Amino acid sequence: MIDKRCATIAQALHDVHDGATILISGFGEAGNPTELIHALIEQGARDLTVVNNNAGNGEIGLALLLKQRRVRKIVCSFPRGSHGHVFDELYHARQIELELVPQGTLAERIRAAGAGIPAFYTATGAGTEIANGKETRTFGGREYLMETAIHADFALIKAERADRWGNLVYNKAARNFAPVMAMAAATTIVQARHVVEPGELDPEAIVTPSIFVDRIVHVPDPVRESDHLAALDKERAS
Amino acid sequence: MIDKRCATIAQALHDVHDGATILISGFGEAGNPTELIHALIEQGARDLTVVNNNAGNGEIGLALLLKQRRVRKIVCSFPRGSHGHVFDELYHARQIELELVPQGTLAERIRAAGAGIPAFYTATGAGTEIANGKETRTFGGREYLMETAIHADFALIKAERADRWGNLVYNKAARNFAPVMAMAAATTIVQARHVVEPGELDPEAIVTPSIFVDRIVHVPDPVRESDHLAALDKERAS
Amino acid sequence: MKGWTRDEIAARAALDIPDGAYVNLGIGQPERVADLMPPDREIMLHSENGILGMGKAPAFEDRDMELINAGKKPVTLVPGGAFFHHADSFAMIRGRHIDVCILGAFEVTCAGDIANWSSGGNAPPAVGGAMDLVAGAREVRVIMSHRTAQGRPKLIEQLTLPATGRAVVKRVYTELAVMDPAGDYFKLVELAPGIHLDALEQATGAPVSAG
Amino acid sequence: MKGWTRDEIAARAALDIPDGAYVNLGIGQPERVADLMPPDREIMLHSENGILGMGKAPAFEDRDMELINAGKKPVTLVPGGAFFHHADSFAMIRGRHIDVCILGAFEVTCAGDIANWSSGGNAPPAVGGAMDLVAGAREVRVIMSHRTAQGRPKLIEQLTLPATGRAVVKRVYTELAVMDPAGDYFKLVELAPGIHLDALEQATGAPVSAG
């Protein structure tokens, strides 16, 4: 019988190796797999390359992973935020490498990896600094950049519901990067608020089919980043 | 108020011009917009380029459009079938042009058009006749072909449910090419079994968001191609 | 020199959005456009992070941090809205399905070049979806102040800041005027009340043509 | 020369499919593999036209022509199955998510080249998803008869028919043997009962190595 559920969160992350490339879902605080990231901190892997839209907020989740100096390089579109001091300090101290990728190009490069497309062309970034060092090509009189797939060793994503096969649905805008990240990693690890039996998810409404998922951890009541940030603000104000 | 519903099927197709490129959804008989195709036959446009996975069955829908000599060229992956005599005859008489595209490449070329990707690379077809005349390029030691987007003037697709904004859901394997075709055409025309009010479709389960849809026709009880084929077989046997 | 207020600029930009349009509004001042739409028009708001049909901000007690917009603020969903993933969301942008995108900008040139992602300081660079939007939306428009706080023109001939995109901006709304980048000059579409052409020319770092 | 029956070949191929695998089975003889899986294994069947979790054929009165497989025959969906569109379906294939694909073939070479889409006649060419599958599945295996009806070998050194893909086939199951393309020869994995190596060599159009 197929059962992708892991008994413990530690077990789900046991084989993350130093130097791994890890896709982490989330946009703002929606969809961040905070508990998986905290388990990754426990697990100990270092020298990581992390792909996420942002670069962490406050001192939780991705920001905490950064603070622990476990990330060599971050690939993201928007490494700024009202609570982005951890990344900021590392960046200014040149203690982290940044690859800045336009948001849509980031999503599409991840999808490309998942879909077996080694490279594609996009007009995004043509004529800008983003084009530096990239091949350009003209189609129909317009200039496009060649962008390549972003493959990863692991994806850490957050879902609303999962069944034991690994079919997933999400909650509202917490879907964001998770479906394409699930496609693009050799091993996709999911934290889900609810774990249900196969057949309970409507087959017409499954967003991530089970083929893209390797391991599932049940995290019924994930931390709310906004609570953490509010507490942080309060602490600083006092 | 936005209302993409058309009062008549003829109105939905009034501006299809001679020489148009038309995407037509469907795989086997699942998802064929047969009533839209019959309305296109009535409408009269000719010299068409049609993109569909197959090349029509029996003498209904796409096969009937072909039989009426309205299609100059067909782009498809599998122009054969147990009831494919109409295409066969035209093909052998050199009265129709065929562009054969592997099925996954066909789907991806259509998606690329919808996603603003002018070209991408795929290993599908490398080292085969499909590669003839195509640019090849090596990534990571493997040979890939460059494939280009298939843009279209119109898409004719079949959905299960639509709301007046044009959000769509499909029925089972009748989904097939429709979502990517809806993305890739300048004008997307939908025949839907059910038309509902905005808000009736679950926003988490909408497959084609309304942005990709231009016109909706309510066809509550579409013809079943299998009934037509069974009748055709009976007629021939007698 | 007064000209339009910020809300008047947003309302003027709203006037140009056709009924039924799919619209992406940048963070900040462009967001006001949604609140100032003429009442006879129904538009559908897109947010990069996978929402079509964004509604107004919820009451504080109703906010859901898994229903936020591209600016990471809580929003709501209108009936007929839909959720989708990031690649699909940017397929809408890159694939030219967004009818109108209204952004803020640091600089816009008469050739339609725009700079709005990097102010050239030493903060970490952050581009977000700006480059995708300017490259992909069918019609890119900008709401901005005509000059910097120091009085330097922001509508100019050549960008001084890093470009977000080239030859993409079709219309600019400022407190002084509505103008269209037209190659080597800005074409005047409308002057704000009380603003004279020579004052506009003075405030603009590129030729302006009223004809 | 007898060797394995068609069902025995399918059962032998089924033996090589690990528990929990995502599997695509070609139309015809490969479809039998699903019915002959060892009872202790749960596998998930993929169909190109947007189905994961295909179940057995329904009773005639229960058939739904909007729930058909890639061969256009009515099927069912198992609990835990899902529907998706064609681009997502081929992302699964092209992106190396399908663990095992078992196809039929006209010819396979010892280099792993396969011809299964065009018999070279004057029928219209039709490729379907065959080229995507051989290029994308993690493991491409073939079930085929060892020789043509005329007795010519179908396991050969060089394709005589148009290629579907090059250097992609990892294993071939015939009525005589299980063999792995190994470059300039076929590596014998298992002989069917009652078949001798020299008979196999005789029936094969390329070198066979038992070592």
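A quick note: this is a predicted structure, and the numbers were derived from the prediction, not measured. Scope of the values below: all heavy atoms of this structure, side chains included, with no hydrogens, waters or symmetry mates. We name chains A, B, ... by the order of the sequence lines, and we start the count at 1 in each one.
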Exercise for review: Please report the closest heavy-atom contact between D:Leu52 and A:Pro209, naming both atoms and the distance.
Suggested key: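 Closest approach of D:Leu52 to A:Pro209, heavy atoms only: CD2-CB, 3.9 Å.
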**Study point:** For the student: nearest non-hydrogen atoms of D:Gly81 and A:Ile206, plus distance
**Key:**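 Heavy atoms of D:Gly81 and A:Ile206 come nearest at O-CD1, 3.5 Å.
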**Study point:** Neighbour count >12 (heavy atoms, 6.0 Å) for atom CZ, A:Arg142
**Key:**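 Yes, enclosed.
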Check your understanding: Do other residues, nucleotides or ligands put more than 12 heavy atoms under 6.0 Å from the CZ atom of A:Arg137?
Key -> yes
**Study point:** residues 156-173 of chain A: residues contacting chain D (heavy atom under 4.5 Å, by number)
**Key:** A:Asp163, A:Arg164, A:Trp165, A:Asn167
Point to revise | Within residues 189-201 of chain A, residues adjacent to chain D where the heavy-atom gap is under 4.5 Å | key: A:Pro198, A:Gly199
Return a table of donor-acceptor pairs under 3.5 angstrom between the side chains of residues 10-18 of chain D and protein atoms on other chains or two or more places apart.
residue	atom	partner	partner atom	Å
D:Arg12	NE	D:Glu190	OE1	2.7
D:Arg12	NH1	D:Asp16	OD1	3.0
D:Arg12	NH1	D:Asp16	OD2	3.2
D:Arg12	NH2	D:Glu190	OE1	2.9
D:Asp16	OD2	D:Arg171	NH1	3.0
D:Asp16	OD2	D:Tyr173	OH	2.5

Side-chain donor-acceptor pairs of residues 53-63 of chain D under 3.5 Å, sequence neighbours excluded:
residue	atom	partner	partner atom	Å
D:Lys56	NZ	D:Asp35	OD1	3.4

**Study point:** Side chain proximity check, D:Ile43 to A:Ile2, heavy atoms < 4.5 angstrom
**Key:** no
Practice item. Tell me, for D:Ala135 versus chain A, whether the close heavy atoms (under 4.5 Å) come from the side chain, the backbone, both or neither. Key: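 For D:Ala135, neither part sits under 4.5 Å from chain A.
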Review point. So, does D:His97 use its side chain to make a donor-acceptor pair with the main chain of A:Phe212 at under 3.5 Å?
Key: no
Review point. Measuring from A:Arg111:CZ to D:Asp88:CG, what's the distance to the nearest 0.5 Å?
Key: 7.0 Å
Exercise for review: Show your working on side chain to side chain contact (heavy atoms under 4.5 Å, CB included) between D:Arg94 and A:Ile117 and close with a plain yes or no.
Suggested key: CA-CA 8 Å; D:Arg94 201 188 305 102; A:Ile117 306 287; 3.9 Å; yes
